[in-house]
Novice: 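Quick one: the structure is below, and I'll ask about it shortly.
Whatever order the structure lists them in is the order used to number ligands and atoms, beginning at 1. None of these values were measured; they are calculated from a predicted model. The figures here come from the full heavy-atom set of this structure, side chains too, leaving out hydrogens, waters and symmetry mates.
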Amino acid sequence: MAEAFPKIKTIRYEGADSRNPLSFKHYNPDELVEGKSMRDHLRFASCFWHTMRGRGGEIFGMPTAVRPWDDFQESVETSIRRIDVFFELLEKLQIDYYCFHDRDVAPEGRTLNESNKILDRITKVLAKAQKNSGKKLLWGTACLFQHPRFMHGAATSPNLDAFVYAAAQVKKALEVTHELGGEGYVFWGGREGYFTLLNTDMKRELDHLGAFMHMAVDYKKKIGFKGPFYIEPKPKEPTKHQYDSDAATCLNFLRQYDLLDHFKLNIETNHAQIAQHTMQHDLETAIASNALGSIDANMGDWQLGWDTDQFPTDLYITAHVMLCVLKMGGFKTGGLNFDAKVRRESFEPDDLFHAHIAGMDTFARGLKIAARIRQDGRIADFLRQRYASWESDLGKKIEQGKSSFEELEPIALKMGEVKTNRSGRQEYLESLFNEFI
Ligand code: XUL
Ligand code: CO
């Protein structure tokens with residue numbers, strides 16, 4: 001089939017001085033950072049939904065995207081053509097992984113049975129494209145939010161029919177993900193939440209969600225799918241309140257329903273921001289429970305309160321993200337999935353390249369910045385010293401859970417007053433961080 005981007009050759013690393021917009025200035029896939037290639041640190045993925053299905057439409061305006069290969073029909077032929085174009089793009093961008101929802105890659109049929117058959121056909125096309133290119137599936141997922149049948153939710157719908165339909169859809173999406181060698185599987189609860197508590201039995205809905213996840217775990221074991229499940233936190237949009245609001249909320253849900261052994265989190269920058277957190281906050285929360293699995297790499301706009309899904313071009317964010325990733329010892333099954341879309345005004349096909357290059361270069365720099373901060377060691381030293389009092393015998397005893405109020409009271413009475421507080425030096429540390437940007 002003719003190339004969709006005949007004028008664009010494989011994007012290569014040309015170094016920071018290059019003036020070629022279609023080159024990497026910082027992402028040098030085989031360059032070693034802390035003894036590991038950038039490719040293996042970053043594990044970039046592109047997502048099928050924004051990259052291939054995004055058209056730049058919004059409530060005020062019609063789609064703007066020019067996509068000469070696409071007739072924008074829900075047909076099998078067009079779906080197959082899109083897959084060709086997508087793999088050409090992955091190849092030329094040197095991106096090793098991709099992610100998709102079942103309904104991004106394959107149109108729905110008139111019945112679930114027909115939809116499953118179409119998805120089977122498309123799965124064969126994807127398998128062949130993976131084989132020919134060496135590209136891999138980072139994770140798969142099911143779209144349980146677009147169709148009107150899920151208007152009240154999927155696993156948390158008050159309507160049992162919707163729960164049943166969603167179960168069957170996830171069963172199929174799991175099979176397909178497994179068949180394609182997917183390294184993980186994502187649950188994002190777009191409609192698992194509410195608009196008003198007047199019509200919502202929250203406890204019952206959460207119990208249903210717990211039951212749904214247990215069925216998914218049982219089925220994953222049955223088919224031998226070894227990859228982790230990921231929950232992707234988001235506080236709102238489309239619902240007013242989503243049950244998987246942020247990392248801490250998800251962890252609480254997983255603990256309460258005894259699911260923590262089977263799940264990790266897929267943290268998305270823009271979602272953390274809508275939750276009024278920094279990305280770093282949600283990453284640290286996940287890491288503290290050994291539950292950071294994967295990352296949806298994008299960013300929001302601080303002046304807008306919604307999920308703008310912009311390509312990540314903020315060095316502070318990517319440096320903080322990569323500090324967290326290095327701290328946890330790198331990704332295992334996860335990676336950096338660009339859950340990001342080009343702006344409505346960036347409507348030309350080439351913008352898909354500029355956008356991914358921007359994200360990849362910004363993360364490559366983030367990685368190098370993070371590695372330099374670790375090598376320098378001043379921030380780590382500061383942190384060690386800040387908690388140095390806990391290295392005492394008494395501090396260790398408390399940390400091991402072996403002390404008591406009765407033991408501490410006489411010590412406090414003898415001390416009289418807390419004397420040894422030291423400055424937190426926030427401004428110094430922020431400026432020190434800047435040295436590496
Ligand atoms: C929506 C979102 C989803 C998930 C996958 O905000 O991030 O695309 O990543 O369902
Ligand atoms: Co996402």
Novice: Which ligand 1 atoms are under 4.0 Å away from a heavy-atom of Asp307?
Specialist: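 So the answer, numbered in order with elements, is 6 (O).
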Novice: So if I count the atoms of ligand 1 from 1 in the order they appear, which ones are less than 4.0 Å from some heavy atom of Asp296?
Specialist: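 Near Asp296, the atoms of ligand 1 are 9 (O).
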Novice: Aromatic ring centroids of Phe48 and His101 under 6.0 Å?
Specialist: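 So the answer is no for these two rings.
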Novice: Counting only nitrogen or oxygen atoms and a 3.5 angstrom limit, does Glu268 reach ligand 1?
Specialist: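 Looking only at distances, the answer is yes, because the N/O contact criterion of under 3.5 Å is met.
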Novice: State which residue, out of Phe331, Tyr97, Tyr98, Phe44, fulfils the side chain to side chain contact (heavy atoms under 4.5 Å, CB included) condition with Leu138.
Specialist: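 Going through Phe331, Tyr97, Tyr98, Phe44 one by one, the side chain to side chain contact (heavy atoms under 4.5 Å, CB included) with Leu138 is satisfied by Tyr97 alone.
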Novice: Could you check whether Trp139 and Phe187 have their ring centres less than 6.0 Å apart?
Specialist: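 That pair fails the under 6.0 Å test.
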Novice: Restricting to N, O or S atoms of Glu232, which is nearest to the Co ion (ligand 2)?
Specialist: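 Of all N, O or S atoms in Glu232, the Co ion (ligand 2) lies closest to OE2.
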Novice: Which N, O or S atom name in Asp339 marks its closest approach to the Co ion (ligand 2)?
Specialist: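 The atom in question is OD2.
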Novice: Does a donor on one side chain sit under 3.5 Å from an acceptor on the other, for Asn298 and Asn270?
Specialist: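 Distance-only check fails for Asn298 and Asn270.
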Novice: Rounded at 0.5 Å granularity, tell me how far CE in Met38 sits from OH in Tyr13.
Specialist: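 Here the interatomic distance stands at 8.0 Å.
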Novice: Would you check whether His271 reaches within less than 4.0 Å of ligand 1, judged by its heavy atoms?
Specialist: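 Right, His271 reaches ligand 1.
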Novice: Tell me the angle that OE1 of Glu268 and OD2 of Asp296 form around the Co ion (ligand 2), rounded to 10°.
Specialist: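 An angle of 100° at the metal.
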Novice: Given Lys234, Gln242, Glu232, identify the one with the heavy atom nearest to atom 7 (O) of ligand 1.
Specialist: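 Comparing heavy atoms across Lys234, Gln242, Glu232, the nearest one to atom 7 (O) of ligand 1 lies in Glu232.
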Novice: Name the option, out of Trp49, Phe187, Trp306, that contains the heavy atom nearest to atom 8 (O) of ligand 1.
Specialist: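 Answer by nearest heavy atom: Trp49.
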Novice: How about Phe263 and Phe229: are their ring centroids closer than 6.0 Å?
Specialist: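 Yes, they do, as the ring centres are separated by less than 6.0 Å.
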Novice: In the protein, which heavy atom is nearest to atom 5 (C) of ligand 1, and how far is it?
Specialist: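 For atom 5 (C) of ligand 1, the nearest protein heavy atom comes out as His101 NE2, 3.2 Å.
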Novice: On the 0 to 90° scale, with breaks at 30° and 60°, tag the Phe163-Phe212 ring pair as parallel, tilted or perpendicular.
Specialist: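 Phe163 and Phe212: perpendicular rings.
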